Amino acid sequence: MGITPLQFKQLQERAAGKRRTTAPVFERANAMGAIHRIILGLDPSLRGTGYGVLRMAKPFPETLVHGTISCPGGWQHSRCLVKIVQELRGVLREHQPTVCIIEGLFYAQNLQTALIMGEARGAALSAIAEAGLEIYEVAPRKVKQAIVGYGAAQKLAVGKMVQRMLRLPEVPEPDAADALALALTHAQENGRYSLSASKKI
C-alpha cells in the first residue's frame, strides 16, 4: 500500500521532532561519560615539587609515574621555577593527563615562606593551564581525611596508606606521596564513593 504525500510529510515531521528531542539526551550522555581517566596530582614547592599520575582502573588506580622535582638550596628562585615548568611539561607530554588536582593554599606563619610557595605554585599552575587541563584544588586536611581517615595525619602515615592503596613496592618520597594522595582523593570523589567536592580553579 502506498503512502500519500500528506502521510509522508507527517512522517518527516515526526522524524525531525524525534531528532530534536533525542539530540540533547546524547549530549548529556557524552557529558556524563567524559570522566577523566588520567589524573595528575601536584604538591608544589620551590625545592621539592611532588607529582604523581594515576590512570583510572579496576580494582584500583594504576600508578603511571611519581616523583619529586628537586632543586638544590643554592639555586636562585628563578632557576627553580624554570625547572618546575620544564619538568612538568615533560610529564604532561609523556602521560597526557586531562585533569590536575593541586594542594589548596594554606596559611603560613612566615610571610616570606608564603611568597616562595606562591611562586612555585604559580609556576606549576602556568604549565598545567598551558596544557589545557582542568584544575582542582583540595585542602590538605581533606586529603589526609580521605586517605588516612584523620585530618592531622603525619606525612609518613599518608605515604604508607598511599603505598597500600596503590600496591606500590615501597613508600614514595614524601612530596610524591602527597601528590599521589591528591590524585587518589580526586579519583575517589569522582568514583563510587564521593567524599567531598573539589574546588575548580
Side-chain angles (χ1 to χ4, degrees), residues 36-73 80 83-92 94-108 113 116-121 123-125 127-128 133 135-191 193 195-196 198-199 201:
H36 296 288
R37 298 297 178 188
I38 302 182
I39 304 169
L40 168 64
L42 194 60
D43 180 24
S45 174
L46 189 71
R47 303 297 174 186
T49 291
Y51 63 89
V53 182
L54 301 181
R55 176 188 285 127
M56 298 294 286
K58 293 181 179 180
F60 52 87
E62 175 189 359
T63 305
L64 299 182
V65 68
H66 64 83
T68 304
I69 303 172
S70 300
C71 297
C80 295
K83 185 176 182 182
I84 290 170
V85 171
Q86 290 177 338
E87 293 209 15
L88 282 178
R89 283 175 177 165
V91 172
L92 293 167
E94 183 174 356
H95 299 287
Q96 299 292 310
T98 56
V99 64
C100 173
I101 183 76
I102 191 170
E103 187 174 79
L105 294 171
F106 68 96
Y107 296 97
T113 299
I116 293 172
M117 290 294 293
E119 290 175 356
R121 179 183 169 91
L125 284 173
I128 302 304
L133 276 67
I135 305 173
Y136 296 86
E137 66 175 11
V138 178
R141 289 186 65 88
K142 288 187 177 181
V143 176
K144 293 175 181 179
Q145 182 68 40
I147 302 301
V148 183
Y150 176 51
Q154 298 298 312
K155 276 185 173 289
L156 181 58
V158 173
K160 287 184 175 180
M161 187 57 72
V162 165
Q163 178 193 16
R164 179 180 176 185
M165 294 174 73
L166 294 174
R167 277 57 167 190
L168 298 175
E170 58 186 22
V171 179
E173 296 177 353
D175 294 318
D178 287 346
L180 288 170
L182 284 157
L184 268 172
T185 301
H186 189 73
Q188 290 178 326
E189 286 177 354
N190 292 273
Y193 303 105
L195 295 170
S196 59
S198 303
K199 178 184 177 183
I201 60 174

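Just so we're clear, the structure is a prediction, and the values are computed from it rather than from any experiment.
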- For Ile101 and Thr185, run side chain to side chain contact (heavy atoms under 4.5 Å, CB included): C-alpha distance rounded to whole Å, both residues' side-chain angles, the deciding distance at 0.1 Å, then the answer. CA-CA 9 Å; Ile101 183 76; Thr185 301; 5.9 Å; no

- Which of Glu87, Glu173, Arg47 passes side chain to side chain donor-acceptor pair (under 3.5 Å) with Thr68? Answer is Glu173

- Item | Main-chain N/O of Ser70 paired to Lys83 side chain as donor or acceptor, under 3.5 Å | yes

- Message: Given 3.5 Å as the limit, does a donor-acceptor pair link the side chain of Arg55 with the main chain of His95, or not?
- Response: no

- Item | Note, Leu166 side chain near Pro61 side chain (heavy atom, < 4.5 Å) | yes

- Query: Which pair of non-hydrogen atoms, one from Gln188 and one from Met165, has the smallest distance, and what is that distance?
  - Reply: NE2-CE, 3.2 Å

- Message: Quick one, Leu40 and Leu92 - any side-chain contact, counting heavy atoms below 4.5 Å?
- Response: yes

- Task: Evaluate the criterion side chain to side chain contact (heavy atoms under 4.5 Å, CB included) for residue pair Glu137 and Leu182; output intermediate values, then yes/no.
- Result: CA-CA 9 Å; Glu137 66 175 11; Leu182 284 157; over 6 Å; no

- Would you indicate whether the side-chain heavy atoms of Leu54 and Leu180 approach each other to under 4.5 Å? yes

- Message: How close do Pro44 and Ala124 get, counting heavy atoms only, and between which atoms?
- Response: CB-CB, 4.3 Å

- Query: What heavy-atom pair brings Ile84 and Ala120 nearest, and what distance separates the two atoms?
  - Reply: CD1-CB, 4.2 Å

- Hey, are the side chains of Val148 and Gln154 touching, using non-hydrogen atoms and a 4.5 Å cut-off? no

- Task: Please report the closest heavy-atom contact between Ala153 and Val158, naming both atoms and the distance.
- Result: CB-CG2, 4.5 Å

- Going by heavy atoms in the side chains, are Val91 and Val53 under 4.5 Å from each other? yes

